[in-house]
Amino acid sequence: YRPCYAAAVDFFKGYKISEIKAIHIKKYINELEAQGFAQKTIKNRLLVVWFTSQVRPHLMKIPGIMVQTISEIRVKMA
């Protein structure tokens, strides 16, 4: 999912995770469709955005963790 993550970071750069709304997601989907991506690829890319938005509140509960933008989240992948 690294390419999906990189694409999401690039598209949503400058936005705080809490600022990403349905209209932004729709623009992202429209851009991916315009680029000719398959529906499976679009679903994978949206999964990364969804996962990031779901993980952030839990990360914020850990003392010393501040995560505001999608690009600040780092996950060590095996």
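For this chain, numbers begin at 1 and follow the sequence in order. Quantities reported herein were computed from a predicted structural model and do not represent experimental measurements.
- One distance of note links NZ of Lys26 with CD of Glu33; it measures 5.5 Å at 0.5 Å rounding.
- Of all the heavy atoms in Phe11 and His24, the pair that sits closest is CE2-O, 3.8 Å.
- Residues satisfying the side chain to side chain contact (heavy atoms under 4.5 Å, CB included) criterion with Asp10, sequence neighbours excluded, are Lys13.
- Counting only residues at least two apart or in different chains, side chain to side chain donor-acceptor pair (under 3.5 Å) contacts with residues 36-45 are absent.
- Residues forming a side chain to side chain donor-acceptor pair (under 3.5 Å) with Glu31 (at least two apart in sequence, or on another chain): Gln35.
- Residues meeting the side chain to side chain contact (heavy atoms under 4.5 Å, CB included) test with Ile25, sequence neighbours left out: Phe12, Ile20, Ile29, Leu46, Val49.
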